[in-house]
Amino acid sequence: MDTCDQEGPVNNERYLTWGSVFLVVYSIDSMESFKCCQLYLHMLSLHRKSPIILLGNKLDMDLYRQVSRSEAESVASCYGCVFFEVSACLDYLSVQHVFFEAIRRARKGRGYLVPAVCVSENRAAPLAPSYTTPCFKELPAPTTAKLVTVKTSRAQSKRRATTLTLLKGFKIF
Ligand SMILES: Nc1nc2c(ncn2[C@@H]2O[C@H](COP(=O)(O)OP(=O)(O)OP(=O)(O)O)[C@@H](O)[C@H]2O)c(=O)[nH]1
């Protein structure tokens with residue numbers, strides 16, 4: 001569901017029936033978006049017992065902050081949800097942490113074991129169920145991504161032609 005809906009939280013049944021965890025996101029530089037979030041929090045609290053995460057985005061815009069951390073914390077505690085602030089554009093790891101936390105809470109909230117899915121380069125494979133840590137293979141942050149050197153060579157020519165070796169660097173994210 002989109003907290004930017006002009007009409008607020010309407011016609012959300014389709015989300016409420018299948019959502020296992022809800023991330024309610026506002027911009028810390030927009031009181032309007034925060035107020036709108038509270039409508040969603042209220043609606044979620046009435047309809048579902050699924051975990052809710054209140055998320056203040058655009059932490060990099062702290063200079064233009066309109067929603068204080070303490071105000072958001074107090075709203076979060078009213079609705080019994082966890083609260084984080086992140087910058088989606090500057091801090092990849094904090095966003096990743098929020099998603100991992102969402103998965104952890106969704107899996108705990110179900111009250112029964114859900115097989116974890118391992119995302120790897122090869123293929124998804126079921127793992128032993130675990131309550132605590134989601135078994136997602138963590139993607140490297142762009143800054144720590146491996147630099148893979150791919151060697152393109154025409155050196156195999158049987159004609160013993162002049163060897164041409166091209167070296168290309170690729171960043172794998
Ligand atoms: N400064 C800053 N800008 C951000 C950040 N995250 C998103 N934006 C910007 O905010 C604007 C809205 O981002 P969207 O991803 O479209 O957010 P949305 O909630 O889907 O917005 P709608 O499409 O209007 O529903 C874009 O211009 C983004 O570049 C952030 O962490 N910091």
Side-chain angles (χ1 to χ4, degrees), residues 1-110 114 116-121 124 132-148 169-173:
M1 74 189 87
D2 194 330
T3 52
C4 282
D5 291 340
Q6 295 298 311
E7 343 59 275
V10 290
N11 299 324
N12 290 308
E13 288 72 19
R14 65 191 186 281
Y15 303 109
L16 294 168
T17 50
W18 59 259
S20 305
V21 60
F22 293 90
L23 263 80
V24 181
V25 187
Y26 66 92
S27 299
I28 66 156
D29 64 346
S30 164
M31 181 54 82
E32 192 191 359
S33 72
F34 184 62
K35 295 281 179 215
C36 190
C37 271
Q38 292 176 53
L39 299 176
Y40 282 88
L41 290 173
H42 183 67
M43 183 269 297
L44 287 168
S45 69
L46 291 178
H47 288 83
R48 286 278 300 202
K49 296 287 172 239
S50 297
I52 305 168
I53 294 178
L54 179 63
L55 187 59
N57 188 27
K58 303 197 185 179
L59 194 50
D60 55 291
M61 301 292 279
D62 200 38
L63 203 59
Y64 305 99
R65 182 190 279 274
Q66 289 183 3
V67 184
S68 72
R69 187 185 282 265
S70 60
E71 189 176 0
E73 274 168 352
S74 107
V75 167
S77 83
C78 275
Y79 289 99
C81 50
V82 211
F83 167 67
F84 295 103
E85 284 186 345
V86 298
S87 167
C89 73
L90 284 190
D91 190 357
Y92 166 86
L93 286 178
S94 66
V95 175
Q96 187 187 52
H97 174 74
V98 171
F99 276 90
F100 282 175
E101 191 56 37
I103 292 164
R104 258 183 224 116
R105 285 170 186 270
R107 295 180 68 217
K108 268 190 196 167
R110 288 188 176 211
V114 182
V117 172
C118 176
V119 180
S120 74
E121 292 92 339
T132 49
T133 314
C135 299
F136 285 87
K137 180 163 184 170
E138 301 204 0
L139 292 169
T143 45
T144 58
K146 281 184 201 161
L147 185 65
V148 177
F170 292 95
K171 274 207 168 176
I172 308 292
F173 296 106

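Both counts, for ligands and for their atoms, begin at 1 and track the order of listing.
Listed by number with element, the atoms of ligand 1 under 4.0 angstrom from any heavy atom of S87 are 31 (O). The atoms of ligand 1 that sit less than 4.0 Å from any heavy atom of M61 are 1 (N). Every atom of ligand 1 is numbered from 1 in the order shown, and the set under 4.0 Å from a heavy atom of D60 is 1 (N), 2 (C), 30 (C), 31 (O), 32 (N).
With hydrogens and angles ignored, the 3.5 Å screen pairs a side-chain donor or acceptor of S33 with a backbone N or O of S27.
Annotation: E73, atom CD; neighbour count of heavy atoms from other residues, nucleotides and ligands within 6.0 Å is above 12.
Distance check: K35 NZ to L39 CG gives 10.0 Å after rounding to the nearest 0.5 Å.
When all heavy atoms of V67 and M31 are compared, the closest pair comes out as CG2-CA, 3.9 Å.
Counting only non-hydrogen atoms, the option in L90, N57, V95 that gets closest to atom 6 (N) of ligand 1 is N57.
Remark: ligand 1 and V86 share no N or O pair separated by less than 3.5 Å (distance only, no angle test).
If you look at L59 next to ligand 1, there are no close heavy atoms at all, none under 4.0 Å.
Using cut-offs of 30° and 60° on the angle between ring planes, the pair Y26 and F83 is parallel.
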